[in-house]
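First comes the structure, then the notes that go with it.
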Number of protein chains: 2
Amino acid sequence: MSDLLERLRGRGWRLTAQRRVVAEVLDGDHVHYTADEVHAKAAELLPEISRATVYNTLGELVSLGEIMEVSTDGRAKRYDPNAHHAHQHLVCSRCGTIRDVHPVGDLLAGLPAEERFGFQVAAVEVTYRGVCPGCSTA
Amino acid sequence: MSDLLERLRGRGWRLTAQRRVVAEVLDGDHVHYTADEVHAKAAELLPEISRATVYNTLGELVSLGEIMEVSTDGRAKRYDPNAHHAHQHLVCSRCGTIRDVHPVGDLLAGLPAEERFGFQVAAVEVTYRGVCPGCSTA
DNA sequence: TCCTACATTAGACGTTGTCTAAGTCAAGAT
DNA sequence: ATCTTGACTTAGACAACGTCTAATGTAGGA
């Protein structure tokens with residue numbers, strides 16, 4: 001976390017209270033908040049923080065590769081601080097919970113050359129869908 | 001296409017002019033329109049069709065499994081009439097063009113049991129990203 | 001042909017995200 | 001320590017996408 005702030009300072013970022021608070025909210029594993037959730041949690045620590053600043057800061061962190069955008073439901077985008085380790089997502093079809101997961105093998109290898117239509121394929125995003133333990137017993 | 005209308009009639013659907021026009025717009029391969037694009041094209045055939053009807057009809061077709069919802073960019077959802085043949089999507093990072101593609105192998109097999117966290121995993125969605133031929137030469 | 005439950009419509013409303021203009025402040029220079 | 005300046009933050013308007021409601025229209029069976 002302070003690693004993150006160090007890196008950002010190294011890139012010429014001004015370290016404002018607002019940015020520190022957003023970074024703090026995004027600290028942790030299996031964190032997948034929407035922008036408005038980040039804003040709500042940030043406002044508990046710094047009540048006067050504005051929505052625009054949260055959106056701006058999230059956008060900047062995405063551009064810098066420090067966090068990932070995830071859209072698993074076509075609704076609000078979610079932000080995943082675990083951007084430095086390649087991973088995919090497992091989503092509960094009932095409650096929407098998201099887990100980070102690590103499939104084995106080369107995901108790109110599954111797409112044969114004749115199915116690439118001349119594209120230079122660079123990345124793959126995989127979303128596994130199922131029912132989580134909590135929802136299947138309920 | 002008329003197959004589709006037959007199936008829907010069999011399920012108790014009223015065949016209105018509006019629903020026929022939406023079905024007609026969604027006919028074809030590699031079709032991935034947004035709701036508003038569907039509305040615009042439908043309005044060329046039936047000028048008085050309303051936005052609400054297009055949204056309603058698309059939602060019903062999704063519930064019936066006749067078309068698929070696709071969200072590749074976190075913006076507007078797109079609708080894919082090719083719902084009866086399992087497939088994934090290849091998206092151009094520059095222009096947003098979407099191709100239907102067919103990866104080989106069992107996509108679910110890539111997720112080991114210890115990475116399933118007790119979920120009953122039922123489906124996988126894969127989005128390949130790259131640059132299409134048109135955009136890479138330009 | 002008539003009836004009625006289902007379908008459609010216009011437009012208000014909700015959510016999510018972006019933009020602008022004015023004020024504020026972090027951090028280097030002095 | 002204070003000054004200066006350009007980057008940062010703010011409130012609120014605006015935009016894109018989608019949903020909902022109440023009034024009206026109509027498909028298809030009786």
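Side chains are part of it too, since the values below use all heavy atoms of this structure and drop only hydrogens, waters and symmetry mates. Chain A is the first sequence line, chain B the second, and so forth, proteins listed ahead of strands; every chain is numbered from 1.
- Between B:Lys77 atom NZ and C:dT15 atom P the separation is 15 Å, expressed in whole Å.
- The minimum heavy-atom distance linking A:Phe119 with B:Cys92 is given by the pair CE2-N, 3.7 Å.
- Using modelled atom types, one side-chain atom of A:Ser63 and one backbone atom of A:Gly59 make a donor-acceptor pair closer than 3.5 Å.
- Atoms CD1 (A:Ile49) and C1' (D:dC8) sit 12 Å apart, rounded to a whole Å.
- Contact between B:Leu111 and B:Arg116 at its shortest, heavy atoms only, is O-NE, 2.8 Å.
- Projected onto DNA chain C by closest heavy-atom contact, A:Tyr79 and B:Gln18 fall at different nucleotides, the more 5' of which corresponds to B:Gln18.
- If you measure from atom CD of A:Glu48 to atom C1' of D:dC8, you get 14 Å, rounded to the nearest angstrom.
- Per the geometry, CZ belonging to B:Arg75 stands 14 Å off C1' belonging to C:dT15, to the nearest Å.
- OP1 or OP2 of D:dT9 has not a single side-chain nitrogen or oxygen of A:Ser50 nearer than 4.0 Å.
- Here D:dT9 presents its P atom at 10 Å from CG of A:Leu46, a figure rounded to the nearest Å.
- A salt bridge between A:Glu115 and B:Arg99 is absent, with no side-chain N of the basic residue lying under 4.0 Å from a carboxylate O of the acidic one.
- What you find for A:Pro81 and A:Val31 is that their closest heavy atoms are CD-O, 3.2 Å.
- In this structure, CZ of A:Arg78 is placed 15 Å from C1' of C:dG17, rounded to the nearest angstrom.
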Quiz item: What string of B, S and - do you get for nucleotides 19-30 of chain C, 5' to 3', if B is base contact, S is sugar-phosphate-only contact and - is no contact with any protein heavy atom under 4.0 Å?
Solution: B-----BBS---
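- B:Glu60 has its CD atom 12 Å from the P atom of D:dT19, to the nearest Å.
- A distance-only check finds no donor-acceptor pair linking the side chain of B:Arg129 to the backbone of A:Val124 [under 3.5 Å].
- Using a cutoff of 4.0 Å between basic side-chain nitrogens and carboxylate oxygens, A:Arg19 and A:Glu24 are not scored as salt-bridged.
- Candidate nucleotides C:dT9, D:dT10, D:dT19 were compared by shortest atom distance to the side chain of B:Arg51, and D:dT19 ranks first.
- In terms of phosphate contacts, B:Tyr55 brings a side-chain nitrogen or oxygen within less than 4.0 Å of OP1 or OP2 of D:dG18.
- Atom NE2 in A:His39 sits about 14 Å away from atom C1' in C:dT16, given to the nearest Å.
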